Amino acid sequence: MPITIWPACAGLALAAMMAMPAMAEDLRAEIAPTGKLRVAIAISPAGGAFWSTRTEAGFAGVPVDLGKAMAAALGVSVEYVVHNNSGQITDTAAKGTWDVTFLPKDPERETRMAFGPIYEVADATYIVKAGSGVTSFATLDQPGIKVAAVNATTTMRGALAHLKNAKVTGYQTYDEIFELLKNGDIDAFALSRDQLNKMAQKIPGTRVLDETFKKTVTAVAVPLGHTQALAFVTRFMTDALANGTLRKAYDANGLKDAPIRTE
């Protein structure tokens, strides 16, 4: 390279170095405008790849661990914004109350928030109450059968589309439905199979049906219009899959035997 070109190259390199802090500040202003990364989570007793749980120290769950690691990568602290379900998170997407979340993705939600990479694929099915004669989808989908789902969720929309005769009713919390099933006040509950398998261990006599009515995909998401934030969380999740951060979050939250499914 002729020596006369070096000053120009050095100038470009210096300009790039000076631009990097400014770009980082622009990103933080968009993704963490309060100075903290506000991570929207939903609470249930079972936990899992989407749900989080309350602990004596605060919260636990895959979204909790991912949010903490994401905040560290940004150089800010983390704050968890608690909701009862993913429908509530969706309803607040345009209200500026949270900055990033991890929740089931579907076409309706894609009109209300921007999604990054999928990090979980779950099979949705039903658990039936103790003593029930229901053994399949065909015997479940009958007039007079009462099916519960968490209100305004991807799984509830799937159950409404799937069942033509049984009545599907939405409830706000996992805990509320758990008690209804335990007391025999509903016939079935629609949710992901991993969650229902844990529930079956806690309510003797209940049974999780073998069939699957829907594949539910869970992904990172940010509010619409946050283009820098979307680029950052996309890169973060891609790296988290490659460098073991996602696997570590699974293992720390009771999912050591669960494969990471991205499609």
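Keep in mind that what you see is a predicted model, and the values were worked out from it rather than measured.
- Rounding to the nearest 0.5 Å places CE of Met113 at 12.5 Å from CG of Leu230.
- Using modelled atom types, no side-chain atom of Lys68 and backbone atom of Val78 make a donor-acceptor pair closer than 3.5 Å.
- The line from CG of Leu103 to NZ of Lys105 is 11.0 Å long, rounded to the nearest 0.5 Å.
- Two rings, from Tyr126 and Phe137, have their centers less than 6.0 Å apart.
- Side-chain atoms of Asp141 do not come within 3.5 Å of backbone N or O of Leu163 as any donor-acceptor pair.
- We find the CG-CZ distance between Leu191 and Phe50 to be 9.5 Å, quoted to the nearest 0.5 Å.
- Taken to the nearest 0.5 Å, the CG atom of Asp106 stands 9.0 Å off from the OG1 atom of Thr216.
- To the nearest 0.5 angstrom, Tyr171 atom OH is 11.0 Å from Phe189 atom CZ.
- Side chain of Glu30 to backbone of Ala229: a donor-acceptor contact under 3.5 angstrom is found.
- Note on ring orientation: taking the six-membered ring where Trp is involved, the planes of Phe213 and His162 are parallel (angle under 30°, cut-offs 30° and 60°).
- Judged purely by distance below 3.5 Å, without hydrogens or angles, the side chains of Thr245 and Asn243 pair a donor atom with an acceptor atom.
- For Lys36, the NZ atom is loosely surrounded, since the number of other residues' heavy atoms within 6.0 Å does not exceed 12.
- A salt bridge is defined here as a Lys NZ or Arg NE, NH1 or NH2 lying under 4.0 Å from an Asp or Glu carboxylate O, and Arg112 with Asp91 meets this definition.
- For the atom pair CD (Gln195) and CD1 (Ile127), the distance works out to 11.0 Å, reported to the nearest 0.5 Å.
- Contact of the Gln228 side chain with the Ile31 side chain is not registered, since no non-hydrogen atoms from C-beta on lie closer than 4.5 Å.
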task: Go through the steps for Asp175 and Thr173 under the test side-chain hydrogen bond (donor to acceptor under 3.5 Å, both in side chains), then give the verdict.
output: CA-CA 5 Å; Asp175 287 345; Thr173 69; 5.5 Å; no
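- Side-chain atoms of Thr153 and Asn85 form no donor-acceptor pair, as typed in the model, at a separation below 3.5 Å.
- Side-chain contact check for Ser132 and Arg207: no donor-acceptor pair (N or O, by modelled atom type) lies under 3.5 Å.
- Classification of Asp187 and Lys129 as a salt-bridged pair holds, one side-chain N sitting under 4.0 Å from a carboxylate O.
- The shortest side-chain heavy-atom distance between Leu74 and Phe232 falls under the 4.5 Å cut-off.
- A donor-acceptor distance shorter than 3.5 angstrom exists from the side chain of Arg38 to the backbone of Gly96, with no hydrogens or angles considered.
- Surrounding CG of Asn183 are more than 12 heavy atoms belonging to other residues, nucleotides or ligands, all under 6.0 Å away.
- Crowding of Lys215 atom NZ: a count of heavy atoms from other residues, nucleotides or ligands under 6.0 Å exceeding 12.
- Under 4.0 Å is where a charged nitrogen must lie from a carboxylate oxygen, and between Arg247 and Asp251 at least one such pair does.
- In this structure, the side chains of Thr155 and Lys214 stay at 4.5 Å or more apart for every pair of heavy atoms.
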